[in-house]
There are 2 protein chains.
Amino acid sequence: MIGYKANDRKGLVNMENRKEQIVNIAIDFIEKYGFDSFSYKDLSEAVGITKATLHHHFPKKEDLGLAVCEKLKVKAKVVKSKIDKLDTAQEKIKYIFDNLLNCAKTGDICPISSLQAEYNVIPDSMKEMVADLSEREIDYLSEILEEGLGEGIFEFKGNPKSMALMILTSYKGAIQYSRAMDDNTMSTVVEQIYNQIMK
Amino acid sequence: MIGYKANDRKGLVNMENRKEQIVNIAIDFIEKYGFDSFSYKDLSEAVGITKATLHHHFPKKEDLGLAVCEKLKVKAKVVKSKIDKLDTAQEKIKYIFDNLLNCAKTGDICPISSLQAEYNVIPDSMKEMVADLSEREIDYLSEILEEGLGEGIFEFKGNPKSMALMILTSYKGAIQYSRAMDDNTMSTVVEQIYNQIMK
DNA sequence: GTCTATACAAAGATAGAC
DNA sequence: GTCTATCTTTGTATAGAC
């Protein structure tokens with residue numbers, strides 16, 4: 001049983017519609033507790049509607065899970081398009097790292113990491129989407145690293161794909177570690193990663 | 001609901017006693033599904049006893065969880081004492097990395113990572129132990145890195161503690177990623193980490 | 001779209017017999 | 001130490017009214 005009210009959530013100023021609101025709060029729950037560890041009862045209380053109404057919008061929890069994955073995909077695209085507008089790999093990587101550190105402030109873990117951790121207990125339909133999301137993250141970071149090598153601002157051992165993989169796994173792992181460790185764990189790791197790639 | 005039989009488990013040749021057997025299979029479940037996602041029913045079927053008997057040994061699931069953490073602590077000490085017997089940091093790091101790659105073959109995630117991911121839903125008593133286990137891992141790897149710097153076989157940017165943090169977070173994150181990605185994800189990351197520290 | 005009421009299965013836990 | 005039986009609470013889900 002989890003206590004959590006809709007009003008706790010920041011950034012829900014422009015409440016689009018109920019379905020979106022439900023998905024957003026579900027993502028919060030996944031980041032905090034994991035997909036398997038929150039119930040429709042928890043969610044209904046957080047949204048401020050009944051369980052029955054939740055089931056009206058998302059008949060099965062799997063339906064909700066899929067909507068969450070779709071939303072994560074959209075969110076990733078939004079971030080990507082913002083970064084694409086930046087001119088240099090230098091600016092791009094700065095944007096990404098600032099963003100990473102910012103995400104970690106809440107003590108919540110990345111929703112994709114959370115779903116990876118529960119990979120063996122989520123429905124197959126969700127597994128596919130989690131796999132897709134995971135792959136896209138790596139590929140995109142890899143591109144930026146390659147760009148930065150071309151610009152001559154990065155320098156590191158190994159190829160961009162391997163480095164992208166190491167960076168993301170480290171970052172995601174760090175968020176989890178920092179839950180059980182002191183607050184500066186995240187910044188230490190992000191700085192250390194930064195050290196590894198900068199000329 | 002999870003289907004899993006006791007005989008599936010390798011390495012349970014010397015079944016010490018029932019309590020130990022239960023804890024061992026519980027660790028398997030945590031690695032595969034997470035603490036919250038397996039039930040006493042699942043566990044009882046895997047062990048081959050009834051739920052009531054499980055409750056006899058571990059009245060509450062929290063009791064079982066604590067026993068699991070204790071066991072993980074013992075296991076960590078056993079590995080540590082093996083590594084301590086090795087002469088050089090070179091041998092030690094090789095042992096660790098071989099071990100890391102080996103662990104990852106099963107597709108199960110590190111039990112500590114699993115418990116970190118569920119940090120907000122496990123009992124407080126378990127949180128303390130998970131925090132302790134997390135810290136010890138980092139400190140120990142940090143010592144070895146420092147030793148290797150002294151021997152002149154390692155070379156990297158940043159201090160040993162930061163590097164230890166980056167390595168472990170990356171490794172743990174990689175195990176989770178590799179669930180959703182192809183099989184060579186793990187070896188790519190481990191090799192990349194290795195590249196970062198070797199002279 | 002939202003509610004009340006209800007069904008049904010699963011999960012955690014206990015009592016008491018052997 | 002193990003069992004059967006039972007209890008309670010929770011989780012998922014549906015039916016039907018407004």
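Order of the sequence lines sets the chain letters (A, B, ...), proteins ahead of strands, with each chain counted from 1. Only heavy atoms go into these numbers, but all of them, side chains included; no hydrogens, no water, no symmetry mates.
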Base, sugar-phosphate alone, or nothing: which one does B:Thr53 contact when heavy atoms must sit under 4.0 Å apart?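 The residue B:Thr53 makes base contact.
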Base, sugar-phosphate alone, or nothing: which one does B:Lys51 contact when heavy atoms must sit under 4.0 Å apart?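 Base contact.
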Which whole-number value in Å describes the distance from [X] [atom1] to [N] [atom2]?
{"X": "A:Met1", "N": "C:dG12", "atom1": "CE", "atom2": "C1'", "result": "15 Å"}
{"X": "B:Lys41", "N": "C:dT14", "atom1": "NZ", "atom2": "C1'", "result": "19 Å"}
{"X": "A:Asp36", "N": "C:dA11", "atom1": "CG", "atom2": "P", "result": "10 Å"}
{"X": "B:Ile2", "N": "C:dA10", "atom1": "CD1", "atom2": "P", "result": "13 Å"}
{"X": "B:His57", "N": "C:dT14", "atom1": "NE2", "atom2": "P", "result": "15 Å"}

Closest-nucleotide 5' rank along DNA chain D - winner of A:His56 and A:Asp42: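 By nearest-heavy-atom nucleotide position, the 5'-most residue is A:Asp42.
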Please tell me which of B:Thr50 and A:Ser39 maps to the more 5' nucleotide of DNA chain D, matching each residue to the nucleotide holding its nearest heavy atom.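 Closer to the 5' end of DNA chain D: B:Thr50.
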For DNA chain D, note the earliest and the latest nucleotide, 5' to 3', having some atom under 4.0 Å of a heavy atom belonging to chain A.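 Boundary nucleotides touching chain A, in 5' to 3' order, are D:dG11 to D:dA15.
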Taking side chain to side chain contact (heavy atoms under 4.5 Å, CB included) as the criterion, tell me which of A:Val189, A:Thr169, A:Thr185, A:Ile175 meets it with B:Thr169.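 Only one option passes, and that is A:Val189.
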Could you pull out all residues at least two apart from A:Asp182 that satisfy salt bridge (Lys or Arg N to Asp or Glu O under 4.0 Å)?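 Salt bridge (Lys or Arg N to Asp or Glu O under 4.0 Å) list for A:Asp182, sorted by chain: empty.
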How long is the straight-line distance from OG1 of A:Thr88 back to CD1 of A:Ile153, given to the nearest 0.5 Å?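 Nearest 0.5 Å value for the CD1-OG1 distance: 6.0 Å.
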Quick check against the 3.5 Å criterion: does A:Arg179 have a side-chain atom that pairs as donor or acceptor with the backbone of A:Asp108?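 No; zero donor-acceptor contacts below 3.5 Å.
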If only atom types and distance count, is the side chain of B:Tyr171 paired as donor or acceptor with the main-chain N or O of B:Leu100 below 3.5 Å?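 Answer holds: yes.
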Could you check whether B:Lys161 pairs with B:Glu146 (Lys NZ or Arg NE/NH1/NH2 to Asp/Glu carboxylate O, under 4.0 Å)?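 No.
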